[in-house]
*Asks:* 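Structure provided below as C-alpha cells; questions to follow.
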Protein chains: 2
Amino acid sequence: MGWRIPEALKERSGQADAGKSIDPFSICNISSSPVSVFKSENLYSEGNSADHVYVVRSGLCFSFRYDEDGRRQIIDLAFPGDFIGLEALTQARFVSSVSALTQAELVAYSVDDFTRQCYDEPALSRALVECIAKEHAILTKRLVGVAHSPADQRIAHFLLEIRSRALQSSKLHPVSEGTRNRALITAGGDFNLKLPQAIIADTLGLSIVHVSRTLSKLKEEGLIEDSSAGIRYRNLDGLKALALWEGISPWLEAG
Amino acid sequence: MGWRIPEALKERSGQADAGKSIDPFSICNISSSPVSVFKSENLYSEGNSADHVYVVRSGLCFSFRYDEDGRRQIIDLAFPGDFIGLEALTQARFVSSVSALTQAELVAYSVDDFTRQCYDEPALSRALVECIAKEHAILTKRLVGVAHSPADQRIAHFLLEIRSRALQSSKLHPVSEGTRNRALITAGGDFNLKLPQAIIADTLGLSIVHVSRTLSKLKEEGLIEDSSAGIRYRNLDGLKALALWEGISPWLEAG
DNA sequence: CGTAGCCTTGACCGACGTCAATGATGGTGG
DNA sequence: CCACCATCATTGACGTCGGTCAAGGCTACG
C-alpha cells in the first residue's frame, strides 16, 4: 500500500484541522494490537477474511497477487508508516496477499473500530483520502511505465522511487539503530538497497533473468554498483536522466 | 476515474447511514454547475488548476497522461455516474487530462464545497473511499494484466470490463432514449461497442496495429463480430474463457 | 562439505512495435 | 449526387526487446 498519515494532514492547510497530526501507530480511541511477521511469511493471504487494517512499524512488506498463470505481480511495497490492507475497509475478503521482505513489526486496527473512527473524526477520513491519492498516483505512474518504458528505464525509475520512499519513511519514522532496517536499507546518511532481484522483477513485470541483465548494464554504465551489501547508487543524476525523473508527483520528489 | 456513489453506500450495511444514498448529480448542499464537453475536447488538461471535481451525467470520458515519449496512456474510462478528477481533492493541479469520447454532459462541484461537505457528512467520505477502492481494484487488475498477459487476453478482458461497467452504469443511471449513448454503447437489451481501436490500444499499452491484428484474430475465432456499427459480442463464454474472467472483483461481476 | 538460494550468462525464439502502403467510411461543401 | 478529405482500420515486411530454457557460479549456512 503506502499511505502515510501524518504529514498528509500537516501539509493540507486551510482546513479546520490543518496541522493536526495523527499518529499512525496509535490512532486515537482505537485499540491496536501489535503483529510480527517473519521474513517471507505472509501477513495475510488472498481470500482471508479482511477484518483488520495495518500500519507498518518497522521492516518492509509487499502486497501482491498471483495472476492465473501463477505469476506473482507485486502491487506495492510498504515502508514504515505506510498502511497495509485498506481494502479491508470495503471488502469482506482480501483480494491480495501481503508478505514481509524482512522481519516486520506492525500494528493492527480492527476494521470496525477504524470505520467508526472515520465517522467520528473527519480528519481521519481526510487523511485516508490523501493516502489513497498517493497510492493512486504511484499506481498510475507504474501503469504508464510498465506499459511503455524499456526495462532499463523502468528499473531506474523503480530504484529512484524506492530510494525516495525509503528516505521519506526513515525521516518520518526513524527507528532505533537496533531495529533499523539494516538488512535492507540505508546505511548512515548514504543509501544502498538490498532487495532480491525477484522482487524487482515481479514488481515491474520483468523476468528475473532480464532484471539481472539490465542491472549488469546499469553497472557497466557506472550508474549503480552492486555488491553483496546491496545496490549502491553511484550516479544519481545519471539514473534520473535515464528514468526521466522530473515533474514526478510531489510525493515522490524527496531527494 | 470511475467511482459510483449511490450503491456503494447502499451495499454497506451496518453503518449508521446504511441504505442512505447520495445522488451523485446533486450532492446535498453543494452547488453544482453543468458542463458540456464535445467529442475529442478536453474537460481539463494536465497542469490545469484543479478546483473542481466532476460527475459524468451522460456520454463517455477518459482520463489519460502522456509519457515522456509523447505516447498517450489512458488511465481509465468514465461512464455516467462515475467521478472524474478526484485528484483535485489532494492536489492543486491536475496531473492527468480528461477528454470526451462522445459529447458528454457533466456536473461540476467546487473542491472547497466538496471537501467541506466531506467533513460534515461522513457518509460522503465513506462513499468516496468505496469509490476509490473500486478504482484501485481496476487499476491493479489492469496493472497485472498489462504486465503479463498476451494481447488477446488483455483485449478480451478489456472488452468484458467495459461491457460490465457500461451495463452497470446504464442500469443505475438510465438516460432518456434521446441522449442515450447510442453512438457508443448499448442497443436495446443487447450490447455492442463502438470505440476507436486507438482507445483500446492506449488503454492497454498496445500499438494500434497490434490491436487491429488481434481483433481480427478474435473475429476469426468467432468471439466477436465487427461491423461499422461497432464490436458485437458474439461468444461471451468464449471471451470469458480467454480473459480468464472469474473471481474478478465483485464490482466487475455484472453480466 | 554439501545443499539451497540467488545471481549470471548464453542460445534461441516469439510477441509485439515500427514503417509504410492501401482500404473503408462518413461528413462536408459545391 | 459526387468530389474531396479526414479519420480510422487493415495488411505485409522487418526488426528487437524481453521471455524461456538450461547450465554454471557464488555466498551463506547448517
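In what follows, every heavy atom counts, from backbone to side chain, and hydrogens, waters and symmetry copies are set aside. Protein chains get the first letters and strands the later ones, always in sequence-line order, with residue 1 at the start of each.
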*Asks:* Where do A:Arg142 and A:Ile75 come nearest, in terms of heavy atoms and distance?
*Replies:*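 Heavy-atom minimum between the residues: NH2-O, 3.5 Å.
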
*Asks:* On the nucleotide C:dT9, are OP1 or OP2 found under 4.0 Å from the side-chain N or O atoms that A:Ser216 carries?
*Replies:*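 Indeed, a polar side-chain atom of A:Ser216 lies that close.
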
*Asks:* Which of these nucleotides, C:dT18, D:dG18, D:dA9, is closest to any side-chain atom of A:Ala151?
*Replies:*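 The closest nucleotide is D:dG18.
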
*Asks:* So if I take every side-chain heavy atom of B:Gln197 and compare against D:dG19, D:dT10, C:dT18, which nucleotide ends up nearest?
*Replies:*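 Selected nucleotide (nearest to the side chain): D:dT10.
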
*Asks:* Indicate yes or no: does B:Arg72 engage B:Asp67 in a salt bridge with an N to O separation below 4.0 Å.
*Replies:*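 No.
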
*Asks:* Measure from CD1 on A:Ile199 to P on C:dG5 and round the result to the nearest Å.
*Replies:*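 The answer, rounded to whole Å, is 15 Å.
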
*Asks:* Want to settle it: does A:Leu206 or A:Ser228 sit nearer the 5' end of DNA chain D, counting the closest nucleotide to each?
*Replies:* A:Leu206

*Asks:* Any chance you could measure B:His210, atom NE2, to B:Ile200, atom CD1, to the nearest 0.5 Å?
*Replies:*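 Between atom NE2 of B:His210 and atom CD1 of B:Ile200 there are 13.0 Å.
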
*Asks:* Rounding to an integer number of Å, can you tell me how far A:His148 NE2 sits from C:dC16 P?
*Replies:* 14 Å

*Asks:* Looking at D:dT10, I'd like to know if its phosphate oxygens (OP1 or OP2) sit under 4.0 Å from a side-chain N or O belonging to B:Lys219.
*Replies:*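 For D:dT10, OP1 or OP2 has a side-chain N or O of B:Lys219 closer than 4.0 Å.
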
*Asks:* When you measure from the side chain of A:Thr203 to the backbone N and O of A:Ile199, does any donor-acceptor pair fall under 3.5 Å?
*Replies:*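 It does hold such a pair.
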
*Asks:* Roughly how many Å is it from CG in A:Asp226 to P in D:dC26, rounded to a whole number?
*Replies:*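 After rounding, the reported distance stands at 15 Å.
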
*Asks:* To the nearest Å, how far apart are A:Lys39 NZ and C:dG5 P?
*Replies:* 12 Å

*Asks:* Taking A:Arg232 first and then A:Asp226, would you say they form a salt bridge - that is, a charged N and a carboxylate O separated by under 4.0 Å?
*Replies:*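 Answer for the salt bridge query: no.
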
*Asks:* Starting at NZ of A:Lys217 and ending at P of C:dT9, how long is that distance when rounded to a whole Å?
*Replies:*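 Whole-Å distance recorded here is 15 Å.
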
*Asks:* Distance check needed: C:dC16 C1' versus B:Leu215 CG, whole Å only.
*Replies:* 15 Å

*Asks:* Quickly work out the B:His210 NE2 to D:dC14 P distance and round it to whole Å.
*Replies:*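 After rounding, the reported distance stands at 19 Å.
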
*Asks:* Within the pair B:Arg71 and C:dT18, is there a side-chain N or O less than 4.0 Å away from OP1 or OP2?
*Replies:*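 Yes.
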
*Asks:* Among the candidates C:dT8, D:dA9, C:dC16, find the nucleotide nearest to the side-chain atoms of A:Ser212.
*Replies:*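 Taking heavy atoms from C-beta onward, the closest nucleotide is C:dT8.
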
*Asks:* Tell me: CD1 of A:Ile200 to P of D:dG18, nearest whole Å?
*Replies:* 15 Å

*Asks:* Does B:Arg213 have a side-chain nitrogen or oxygen under 4.0 Å from the phosphate oxygens OP1 or OP2 of D:dA13?
*Replies:* no

*Asks:* DNA chain D: B:Val211 or A:Val209, which has the more 5' nearest nucleotide?
*Replies:* B:Val211

